[in-house]
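The sequence lines fix the lettering, A, B, ..., with proteins before strands; numbering per chain opens at 1.
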There are 2 protein chains.
Amino acid sequence: MDQTCLCIAVRKASRRMTTVYDDALAPVGINLAQYSLLKKIRRMAPVSLTDLGAAMDLDRSTIGRNVKVLDRMGLTQAITGKDHREATVELSETGQGVLTTAIPLWERAQEQINTRLGADKVAQLEQLLAEL
Amino acid sequence: MDQTCLCIAVRKASRRMTTVYDDALAPVGINLAQYSLLKKIRRMAPVSLTDLGAAMDLDRSTIGRNVKVLDRMGLTQAITGKDHREATVELSETGQGVLTTAIPLWERAQEQINTRLGADKVAQLEQLLAEL
DNA sequence: CTCACACGCGGGCATATACCCGTATCTATG
DNA sequence: CATAGATACGGGTATATGCCCGCGTGTGAG
């Protein structure tokens, strides 16, 4: 008997669900990870990479690299503060526009999942995941 | 109000849980993704990369690259069949040994999650994830 | 004021993952 | 049998992610 591995199940679900959101966001040229990062930056801006990492539960270096991509896309910009160690970032105007456009697309993906699973099960799932 | 994004929650859970399993498996020098792949190869061997990909819900090229790593580690080996297009793989003896050693470690990680969440909630979670 | 230590990052290294294209091989049709 | 179309991969390209190391910057203890 093959014991199911919760971790593998979660990873698989993660991949699949990410694809749904990525597809939904494709028209604006960003993926879910970038969307998530943009939203966080908007909320926290101006924010250091370290703080972003802590808030998103991601390694600082990961944030650094991902922000670099957003920078290259012109969606974010660095701000120079007093502490010359910090790389503080905020959304560019383009970034704000993209995020605004992206939100309804993201909501559509949310609805897609809600429809497929049912709102109560989604809530249940969120609850369980939060306990991990 | 910040609507929680199920996808982001799943991704976060995936990262965190993967770390737990990766740490548990570290003593044998493999991570969860590799463990999962080795187990699948053992069950299906000799198996083509395409079939592995289908079984694991992963892109074929991803399987190819991941198997290459296992190959380099000496855990798997290629078998030449009649169809010269296929890259059929199976576990090496070392790979079998590593997998055998890894299983108890993996089980410990399973237990860790079970303890933290409770068996019933784990079952619930698996159920919900399967519906995605 | 200085210097040791803490802090914030970038870059190196490695894996995981996906998509696309080109090549090699097989197969089935004419 | 010859060739068009289907298959199976490998490699290129790009992102996401983590860990570790080294460098530059801040800061507080003496």
Side-chain angles (χ1 to χ4, degrees), chain A residues 7-8 10-23 25-26 29-38 40 46-73 75 78-89, chain B residues 7-8 10-23 25-26 29-38 40 46-73 75 78-89:
Chain A
C7 186
I8 292 173
V10 172
R11 287 164 61 86
K12 201 177 291 190
S14 168
R15 288 197 304 271
R16 262 205 300 257
M17 201 180 304
T18 299
T19 302
V20 172
Y21 282 77
D22 282 356
D23 289 351
L25 292 169
I30 62 176
N31 61 32
L32 177 72
Q34 294 167 339
Y35 172 82
S36 162
L37 184 51
L38 285 175
K40 208 59 147 186
V47 59
S48 75
L49 302 187
T50 297
D51 288 349
L52 267 177
M56 299 186 69
D57 213 9
L58 282 172
D59 191 84
R60 198 200 44 66
S61 69
T62 297
I63 297 287
R65 279 177 251 279
N66 293 0
V67 165
K68 194 185 293 179
V69 175
L70 295 179
D71 254 12
R72 210 182 326 149
M73 296 168 86
L75 306 182
I79 316 170
T80 40
K82 8 196 146 171
D83 192 332
H84 284 201
R85 293 171 305 178
E86 278 189 353
T88 311
V89 294
Chain B
C7 187
I8 292 172
V10 171
R11 287 164 61 87
K12 200 177 288 191
S14 168
R15 289 197 305 268
R16 261 206 299 258
M17 200 180 305
T18 299
T19 303
V20 172
Y21 281 78
D22 282 354
D23 289 350
L25 292 169
I30 61 175
N31 61 33
L32 177 72
Q34 294 167 338
Y35 173 82
S36 162
L37 184 51
L38 285 174
K40 208 59 148 187
V47 59
S48 75
L49 302 187
T50 298
D51 288 350
L52 267 178
M56 300 186 67
D57 215 8
L58 282 172
D59 191 84
R60 198 199 44 65
S61 70
T62 298
I63 298 286
R65 277 176 249 275
N66 292 0
V67 165
K68 194 185 292 180
V69 175
L70 295 179
D71 254 13
R72 211 182 324 150
M73 296 168 87
L75 306 182
I79 316 168
T80 38
K82 8 194 147 173
D83 192 332
H84 284 201
R85 291 171 307 178
E86 276 190 353
T88 311
V89 293

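- A/Asp71 pairs by the salt bridge (charged side-chain N to carboxylate O under 4.0 Å, His left out) definition with nothing, not counting sequence neighbours.
- With respect to A/Asp57 and B/Arg16, a salt bridge is recorded, a charged nitrogen being found less than 4.0 Å from a carboxylate O.
- Judged by closest nucleotide on DNA chain C, A/Glu86 is the one of A/Glu86 and A/Ser61 placed further toward the 5' end.
- Contacts between residues 47-60 of chain B and DNA chain C, defined by a heavy-atom separation below 4.0 Å, involve B/Leu58, B/Asp59, listed by number.
- Ranked by how close their nearest DNA chain D nucleotide is to the 5' end, A/Thr62 and A/Lys82 are led by A/Thr62.
- Every residue meeting the side-chain contact (heavy atoms from CB on, under 4.5 Å) condition with A/Val69, not counting sequence neighbours, appears here in chain and number order: A/Gln34, A/Arg72, A/Met73.
- Between the CE atom in B/Met56 and the CD1 atom in A/Ile8 there is a gap of 6.5 Å [rounded to 0.5 Å].
- We find the CZ-OG distance between A/Arg65 and A/Ser61 to be 4.5 Å, quoted to the nearest 0.5 Å.
- The residue B/Asp22 sits apart from the nucleic acid: no heavy atom pair falls under 4.0 Å.
- Nearest-nucleotide mapping onto DNA chain C: of A/Asp83 and A/Arg65, the residue sitting toward the 5' end is A/Asp83.
- The side-chain heavy atoms of B/Val89 and B/Val47, taken from C-beta on, include a pair separated by under 4.5 Å.
- Partners of A/Arg85 according to the side-chain contact (heavy atoms from CB on, under 4.5 Å) rule, which considers only residues two or more places apart in sequence or in another chain, are A/Asp83.
- Across all strands, B/Arg15 comes closer than 4.0 Å only to sugar-phosphate atoms, never to a base (heavy-atom distances).
- Smallest separation of non-hydrogen atoms from B/Val10 and A/Met17: CG2-CE, 3.8 Å.
- Close approach of DNA chain C to chain A, defined as any atom under 4.0 Å from a non-hydrogen atom of the protein, starts and stops at C/dA6 to C/dA18.
- Here chain B contacts DNA chain D (any atom closer than 4.0 Å to a heavy atom, that is under 4.0 Å), and the contacts span D/dA6 to D/dG18 from 5' to 3'.
- The closest side-chain heavy-atom distance from A/Lys40 to A/Ser36 is not below 4.5 Å.
- In terms of position on DNA chain D, the residue among A/Val69 and A/Arg85 whose nearest nucleotide sits closer to the 5' end is A/Val69.
- The side-chain heavy atoms of A/Leu52 and A/Leu58, taken from C-beta on, include no pair separated by under 4.5 Å.
- Within the model, atoms OG1 of B/Thr62 and CG of B/Leu49 stand 11.0 Å from one another, a figure rounded to the nearest 0.5 Å.
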